[in-house]
Amino acid sequence: MKCVSDSRPGRVAPSFLALLVAVGWLSGVGRRSEGAVGSVPLTIRSLGVAVQNAPVFTGMPFPPGALGDPERIDLVYNGQSVPRQVQALSFYPDGSVRVVLIGFAVTLAAGQTITAEVRYGERAGVPLDPPLAWTRNTAVRAMFPPRWYGESSVFNLRFLASADNTLAPTFEQRMRAMYTRTSDPPDTTNPDRRNYYDHTHALYTVLLRSGGPDSATARIWEEVAQYREREILHSGPYIGQYSAGSYTNNTYPIDFAVVRRMFPQGLLEDYYFTGDPRSLAVAREIGDALLKDAYTAPTSRFTWTERIPGWEIMGLCGLYEATLDGRYLEAARHLARIEMDHQDAMAVKYPNQGGVPGQTGGFIQDRNGQWYDAGESTASGCGSPFMTTLLCEGLIRLYWLTGDERVKQSVLRAADWLADAAFVAASHPENLTRTDSFWYICRDPANDTVYPGLNPMFLQMLGFAHQATGDPKYLALAKRILAFTDWGSHIKEFNQAMHSSGQGLYLLSHAPGTVPLVWNQGADDPPPAPPGGRHNPRRAAIMQA
């Protein structure tokens, strides 16, 4: 692609609502197979150096059903189709394409930005012959609009593009400022804090929601290379486990501190965005370790705290989405059943949770009848609001994949507990922060700890309940906690804030009941994954073609 400055506006991508109609979500038309037709602008930018016929690869995500055939990708510049190569990276259970990798060659002056477009679903483009060998080109960034990534659902479900955030625009200012302060460069190289809560995912959240900054491309590669190659084991009996810094006690069942640092999501996002096969391979190593742990650990281990099963369910669901390997989905369901059975048991044992009569929605820590960490509390009947957000993030992901009504109701019960028992108003006499937030332990009268810096972690749960129930209390509560803008001041807290806040903002920014919460909502039921789930005939046929 010989590129010169191009002021011609690209064709505007169809609205997401129109896309939903086109693929049958809103029209009631049958199973999605042919997909939609449209175009999306692709911004190609030289990050400071001139490049000549340089290979570039970028992943293009699609909503469910939007693309039936990965060959129907036409790369257009100055009104002319230019050679490109394509490869499907991931599929939905109905066989439609989830992510397609587009490769092409480009010539750019130093710092030059040009706009091409990708036309999809209508005709095949010009094949690139001979094909390019995959490479990660950190000198060039090719990106679609942030809204396209956000609406696709591929990157940890739908998220709100920064430019569309009219609910809390100061949130976006804080995100960019704290990216600079904590991550460009990282404010610590200590792995105990730098990677905690998935720093790769946090960096991709910034890049995909805002379309920048330029430094994010290099920062992502630095983090991927460090975490992927130096902090995950790639051989031996504990392959796939984290082993770095202070956390090198590798066992089965996996040590709590180790499993809390096993993050396939960021690596999967790297695979989707760049096509790097190594990121998928290592994510699968992590996923296989989580798979083994799900059936090795005693049931009680998953009920002592909320975040351990949360991390595992999230990782397993992410691997299922990427690969359609049904083992991952079944393991996630297995863990979810343990958690929901525990939630039901605690509703009987503690019928007035948080001191609220009749409140029974919490995931209660009940190790020997009391809080898990005796150094923090010895109270009974208490749950962790912030750890519950992690568990519910996994359950929301599982509901997206399965539509299991019990999972949905479990999340809604926890959201009700969050709103009615765990929230602490700024005016509460024991809330020394004088900021609307949530108790750290809900509710130990001897512990008045409140962490407003964790407020962004609660947005997804509140948003899910807002969409599913229409109860105005959830949006009202979200607006109150969004008023606090002093979060993310160090790298761990920044990672925490980025984890699911974009997803929560998306759910909260749309009217109740308007965002599909299940991947195939409104369409015919997809065929179930086969037992073991490894083989997708449609995928195999396409990849061999």
Side-chain angles (χ1 to χ4, degrees), residues 160 162 165-182 187 193 196-197 202 205 306-307 353-356 359 362 371 376-377 379 382-390 392-393 414-466 471-505 507-509:
L160 190 68
S162 291
N165 188 1
T166 58
L167 178 66
T170 56
F171 186 94
E172 308 307 324
Q173 299 164 16
R174 181 71 178 181
M175 179 183 76
R176 291 295 291 265
M178 292 305 98
Y179 164 81
T180 301
R181 179 193 293 187
T182 68
D187 64 16
R193 296 185 64 80
Y196 202 23
Y197 284 80
T205 295
E306 301 89 333
R307 62 183 161 189
Q353 296 167 9
V356 178
Q359 177 55 254
W371 183 257
E376 294 179 334
S377 174
C382 300
S384 166
F386 100 87
M387 291 189 201
T388 295
T389 69
L390 294 168
C392 285
E393 183 179 347
D416 188 65
W417 170 84
L418 191 73
D420 293 352
F423 176 73
V424 54
S427 59
H428 193 289
E430 295 179 57
N431 182 0
L432 302 183
T433 69
R434 299 294 181 261
T435 300
D436 288 333
S437 191
F438 299 87
W439 298 113
Y440 178 68
I441 301 174
C442 179
R443 176 52 175 103
D444 178 1
N447 189 309
D448 60 6
T449 304
V450 176
Y451 285 124
L454 299 179
N455 279 5
M457 295 183 69
F458 295 89
L459 296 175
Q460 188 185 33
M461 274 186 72
L462 296 172
F464 183 90
H466 163 74
D471 190 327
K473 72 180 180 182
Y474 296 112
L475 180 58
L477 192 57
K479 289 179 177 179
R480 290 182 67 172
I481 65 172
L482 279 165
F484 178 77
T485 59
D486 195 23
W487 48 265
S489 57
H490 53 80
I491 198 165
K492 174 185 170 183
E493 193 173 270
F494 180 73
N495 296 344
Q496 290 171 318
M498 293 297 97
H499 209 268
S500 63
S501 55
Q503 288 73 15
L505 288 166
L507 295 167
L508 292 160
S509 294

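Hydrogens, waters and symmetry mates play no part in the numbers below; they use all other heavy atoms, side chains included.
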- [ ] Would you name the heavy atoms of Arg434 and Pro429 that are closest together and state the gap between them?
- [x] NH1-O, 4.0 Å
Open item on the list: Just to verify, what does Trp371 make a side chain to side chain donor-acceptor pair (under 3.5 Å) with, not counting sequence neighbours?
Closed with: Glu376
Task: Thr485: side chain to side chain donor-acceptor pair (under 3.5 Å) partners, not counting sequence neighbours - done: none
Open item on the list: Under the salt bridge (charged side-chain N to carboxylate O under 4.0 Å, His left out) definition, can you give me all pairs with a residue in residues 482-493, not counting sequence neighbours?
Closed with: Arg174-Asp486
TODO: Please name all residues satisfying side chain to side chain donor-acceptor pair (under 3.5 Å) with Ser437, sequence neighbours left out, ordered by chain then number.
DONE: Asn455
TODO: Work out which heavy atom in Cys442 is nearest to a heavy atom in Gly354; give both atom names and the distance.
DONE: SG-CA, 4.1 Å
Open item on the list: Among residues at least two apart in sequence or on other chains, which ones pass side chain to side chain donor-acceptor pair (under 3.5 Å) with His499?
Closed with: Glu393
Task: Nearest-0.5 Å distance that lies between atom CG in Leu390 and atom CE in Met461 - done: 10.5 Å
Open item on the list: To the closest 0.5 Å, what do you measure between OG1 (Thr388) and CE (Met457)?
Closed with: 10.0 Å
Task: Sub-4.5 Å side-chain heavy-atom contact between Thr205 and Phe494 - done: no
- [ ] Could you check if a side-chain atom of Asp471 sits within less than 4.5 angstrom of a side-chain atom of Asp416, using non-hydrogen atoms only?
- [x] no
Open item on the list: Is the shortest side-chain heavy-atom distance between Leu454 and Gln496 below 4.5 Å?
Closed with: yes
Task: Ser500 backbone acceptor or donor facing Gln460 side chain under 3.5 Å - done: no
Task: Which atom of Gln359 lies closest to which atom of Ala421, heavy atoms considered - done: CG-CB, 4.3 Å
Task: Glu306 side-chain N/O to Ser384 backbone N/O, donor-acceptor pair under 3.5 Å - done: yes
Task: side-chain contact (heavy atoms from CB on, under 4.5 Å) between Glu172 and Leu505, intermediate numbers included - done: CA-CA 11 Å; Glu172 308 307 324; Leu505 288 166; 4.0 Å; yes
- [ ] Step by step, work out the side chain to side chain donor-acceptor pair (under 3.5 Å) result for Ser377 and Asp444.
- [x] CA-CA 7 Å; Ser377 174; Asp444 178 1; 2.6 Å; yes
Task: Any pair counted as salt bridge (charged side-chain N to carboxylate O under 4.0 Å, His left out), so long as it reaches residues 445-466, sequence neighbours left out - done: none
Task: Separation between OG1 of Thr170 and CG of Leu482, rounded to the nearest 0.5 Å - done: 7.5 Å
Task: Closest contact, heavy atoms only, Tyr196 versus Asn495 - done: O-ND2, 2.8 Å
TODO: Mark yes or no for whether Asp436, through its side chain, and Ala426, through its backbone, hold a donor-acceptor pair below 3.5 Å.
DONE: yes
Open item on the list: Less than 4.5 Å apart, side chain to side chain, heavy atoms only: is that true for Leu167 and Lys479?
Closed with: yes
Open item on the list: Show, in sequence, the C-alpha distance, side-chain angles and deciding distance for Phe386 and Tyr451, and conclude whether the side-chain contact (heavy atoms from CB on, under 4.5 Å) test is met.
Closed with: CA-CA 9 Å; Phe386 100 87; Tyr451 285 124; 6.0 Å; no
Open item on the list: Restricting to non-hydrogen atoms, name the atom on Pro452 and the atom on Pro456 that form the minimum distance, rounded to 0.1 Å.
Closed with: O-CD, 4.5 Å
Task: Side chain proximity check, Leu418 to Leu462, heavy atoms < 4.5 angstrom - done: yes
TODO: Taking all non-hydrogen atoms of both residues into account, name the closest pair between Trp439 and Phe423 and its distance.
DONE: NE1-O, 4.3 Å
Task: Leu432 side, atom CG; Thr449 side, atom OG1 - distance, nearest 0.5 Å - done: 9.0 Å
Task: Short side-chain to backbone donor-acceptor contact, Asp187 and Ile491, under 3.5 Å - done: yes
- [ ] To the nearest 0.5 angstrom, please state how far the CG atom of Leu160 sits from the CG atom of Leu507.
- [x] 9.5 Å
Open item on the list: Checking ring pair (Phe, Tyr, Trp, His ring centres under 6.0 Å) between Phe438 and each of Phe484, Phe458, Trp417, which is the one that passes?
Closed with: Phe458
